[in-house]
Structures are given as C-alpha cells and as structure tokens.
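All remarks here apply to the structure that follows.
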Amino acid sequence: MSQAKSPAAAKASKRPASKAKPKRKAPSVDNPGRVLKRSRYSKAETYAIFQRFHADNPEPEGELDYVNAYTLLVAVVLSAQATDVGVNRATKHLFEIADTPEKMVALGEDKVREEIRTIGLFKTKAKNVILLSEQLIRDHGGEVPEDREALEKLPGVGRKTANVVLNIFFGHPTIAVDTHLFRLGNRIGIAPGKTPLDVEKAMEKAVPKEFSLHAHHWLILHGRYICKARKPECRRCVIYDLCRSPEKEPFDAVPEIALRTKAQIDKESAA
C-alpha cells in the first residue's frame, strides 16, 4: 500500500522547479548589456593592471604580417570579420607580388579577388583594396598618410583600421577598439561604453600615459587568448587578483602567473 503524502509534502510537490539563472552573456558591440557609468578602478588600480600587462609582455606585437605601411593597411582592411591567421595565409603570396599601391592596381581586382578568396567578404574587400590603392596614388603620391582623417576617407577604412595603422606603423598611442577590447572594457569595467567610440574615449582617459602605446595590444591579446567571450580562462589571468569583473571565477588561491608577475614588479621596484 502506498503511503499518503502529508499536506505539506503535497503542496511542495506542486511547486515549480526553480529555474537556473541564465548565463551572463559577454558584452559585445551588438549587445553591450548593462553599461557602467564609470570605471570600477581607481587610477592607482588601473596603473597596477597595465603594470602587470607590461611586466608579462613588455613589447607586444600585432599578429598580422606586413612589410610596409601599405601592406599593413591592406592586411587590416582584410581582417574585418576574419582571423589574423586566415589573413596572413591569404596575403603571403599577394604581398610578394604587390607590396605597393601601384603594383596592386596593376594586378587588378580579379587577380586580387583570387588571391584572397579564402577570406570572408573577399569580393567586397578586393574591390576596396583596388579603390583605396587608386586613391593613395591619386591623393597621397602612393604613400599611406599619417593622419586619421585622411585614412578614414579611404574605401574600406574605418576608425579602428586607421587607429591600428597609426599605432603599429607610425607609433601613435591610439586605441583600436575591436570586439575583444570592447568586451574587456565593459566586462572588467576598466573603460565601459555602449559603443566602440565610447570605449575608445574611456580607455584613452583611463590608460596611464606611459602604457598608452601598447595598451590596445595588451587588451586585444588578453581578450583573444585569456578573457575569452564564452568562458574567461581566469586561472591563466595575469591580473586575476586585480580584476573586479562579476564573471571572475573564484579560486582558493591567486593563480601562479599573477603572483609571479606581481613578484617581478615588486622586485624591480625595490631594486
């Protein structure tokens, strides 16, 4: 004979199972989510964060292959909605046969299209490469201008592309906000903003001057390989103990890489 349930038990059995909390989505350009009004960090804390990045990787470099300002510009244009690895694979031969605007125009759009067909949006990008090459020849004597406004007038070149070229080739302390940097600005709360331009402006104010040249490289690399969109790899994070992100994974101890880098900074400061 089955045992009758008590009124309390019967009532409890009718309660709907509690729903699991939806997983927080990483901030993105299309869906920034709730945006903070200000940084989560003081000036001293922000300085400590970039001090860690510097100690861990003093001379960060971009991952696109290029041989001069022109090929860098083309590579960055091609990298939109594509991986750096894929772009490097496609441009290896292209830059061997066309490393100047004049050579690229002589090559022609059809041939450029064939060379980069493994890259997403290759038809539109091939057209823009030819058009920007023609404009460089016509308006700038075949040289890449060291000016953001002039760069943004070139076909296929936006503010991010212009900032990358100005930073990597010309050494300007610009902040190129890609999807990784936008995510970090909001996720860790160091430079929150609803748009890439908002994050860029906030980052320019937040980054200490002595770290401004390499700031965007550190953040892009950190977002690409450590603080990933789907799941941050907090155990490999050099700023773990400094990070105030609500998504930070709790550990019993600070990861070794963070402790080692902090010890390195302390030792250099004491010397």
Side-chain angles (χ1 to χ4, degrees), residues 23-33 46 49-66 72-73 75-92 118-121 158-169 173-193 195-200 202-204 206-207 211-240 242-245 247-249 255-258 261:
K23 188 176 181 181
R24 184 194 299 266
K25 289 185 177 181
S28 67
V29 175
D30 297 326
N31 183 25
T46 301
I49 286 173
F50 283 98
Q51 196 176 27
R52 292 276 184 93
F53 285 137
H54 175 267
D56 182 57
N57 185 7
E59 296 292 335
E61 295 182 353
E63 297 183 317
L64 287 172
D65 294 336
Y66 65 96
L72 173 62
L73 174 63
V76 181
V77 168
L78 297 179
S79 71
Q81 299 183 48
T83 66
D84 289 357
V85 172
V87 172
N88 290 340
R89 189 181 301 118
T91 57
K92 179 176 176 59
T118 56
I119 301 175
L121 306 175
R159 186 179 182 91
K160 183 188 76 173
T161 296
N163 280 343
V164 171
V165 174
L166 290 172
N167 179 271
I168 293 179
F169 194 83
T174 53
I175 304 290
V177 179
D178 72 346
T179 182
H180 301 297
L181 202 148
F182 183 86
R183 181 175 69 254
L184 281 185
N186 285 291
R187 174 186 267 168
I188 69 176
I190 195 169
T195 68
L197 184 58
D198 289 341
V199 171
E200 179 185 336
M203 197 67 75
E204 286 177 345
V207 177
F211 300 122
S212 59
L213 180 61
H214 294 312
H216 99 267
H217 273 129
W218 285 318
L219 292 165
I220 288 172
L221 293 172
H222 191 67
R224 182 177 292 170
Y225 297 113
I226 306 297
C227 200
K228 301 175 182 178
R230 290 189 178 182
K231 183 176 175 56
E233 296 188 19
C234 295
R235 200 169 290 281
R236 298 173 54 218
C237 181
V238 74
I239 63 168
Y240 176 86
L242 302 174
C243 179
R244 293 187 171 181
S245 170
E247 294 180 60
K248 184 170 75 170
E249 189 176 355
E256 176 63 27
I257 188 171
T261 309

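The side-chain heavy atoms of T46 and I190, taken from C-beta on, include a pair separated by under 4.5 Å. At least one side-chain heavy atom of H222 sits under 4.5 Å from a side-chain heavy atom of C237.
Under the side chain to side chain donor-acceptor pair (under 3.5 Å) criterion, D198 pairs with T195, sequence neighbours left out. Evaluation of the salt bridge (Lys or Arg N to Asp or Glu O under 4.0 Å) rule for R52 yields D241 as partners, not counting sequence neighbours. Every residue meeting the side chain to side chain contact (heavy atoms under 4.5 Å, CB included) condition with S28, not counting sequence neighbours, appears here in chain and number order: D30, N31. For H216, there are no ring-ring contact (aromatic ring centres under 6.0 Å, His included) partners two or more places apart in sequence or in a different chain. Among residues two or more places apart in sequence or in another chain, the ring-ring contact (aromatic ring centres under 6.0 Å, His included) test is passed with H180 by none. Under the rule for a side chain to side chain donor-acceptor pair (under 3.5 Å), the partners of R236 that lie at least two apart in sequence or sit in another chain are E233. Residues passing the side chain to side chain donor-acceptor pair (under 3.5 Å) test with N163 are R148, E200, sequence neighbours excluded. Taking R187 as the reference, E247 meet the salt bridge (Lys or Arg N to Asp or Glu O under 4.0 Å) condition, with sequence neighbours excluded. Scanning for salt bridge (Lys or Arg N to Asp or Glu O under 4.0 Å) contacts around R244 gives E45, with sequence neighbours left out. Here Y66 pairs with T71, L72, I168, F169 under the side chain to side chain contact (heavy atoms under 4.5 Å, CB included) rule; sequence neighbours left out. Take H217 and apply the side chain to side chain donor-acceptor pair (under 3.5 Å) test, not counting sequence neighbours, and it matches no residue.
No donor-acceptor distance shorter than 3.5 angstrom exists from the side chain of Y240 to the backbone of E256, with no hydrogens or angles considered. Checking side-chain atoms of R183 against main-chain N and O of G223 turns up a donor-acceptor pair under 3.5 Å. N167 places no side-chain N or O within 3.5 Å of a backbone atom of I175 that could act as its donor or acceptor partner.
Rounding to the nearest 0.5 Å gives a distance of 4.5 Å between CD1 of I239 and CD1 of I188. Of the inter-residue distances, the one linking F53 atom CZ with L221 atom CG reads 9.5 Å to the nearest 0.5 angstrom. Here the CH2-CG distance, from W218 to L213, works out to 8.0 Å after rounding to the nearest 0.5 Å. Interatomic distance, CZ of F182 versus CE of M203, reported as 10.5 Å (0.5 Å rounding). One finds the SG atom of C227 at 10.0 Å from the CG atom of L219 (value rounded to the nearest 0.5 Å).
Residues V87 and I119 share a closest heavy-atom pair of CA-CD1, 4.1 Å. Taking all atoms of both residues into account, the shortest heavy-atom contact from C234 to P255 is O-CG, 3.6 Å. In plain terms, the two heavy atoms of A55 and T261 that are nearest each other are CB-CG2, 3.7 Å. Nearest heavy atoms, L181 versus A176: CD1-O, 3.7 Å. In this structure, P192 and A202 approach most closely via the heavy-atom pair O-CB, 3.9 Å.
Every pair passing side-chain hydrogen bond (donor to acceptor under 3.5 Å, both in side chains) that includes a residue from residues 77-92 is listed here, sequence neighbours excluded: D84-R224.
Note on ring orientation: taking the six-membered ring where Trp is involved, the planes of F50 and F211 are parallel (angle under 30°, cut-offs 30° and 60°).
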- Message: Go through it in stages, so that I can follow the logic: the residues are D178 and V164, the test is side chain to side chain contact (heavy atoms under 4.5 Å, CB included), and I'd like the CA-CA distance, side-chain angles, deciding distance and then a yes or no.
- Response: CA-CA 10 Å; D178 72 346; V164 171; over 6 Å; no

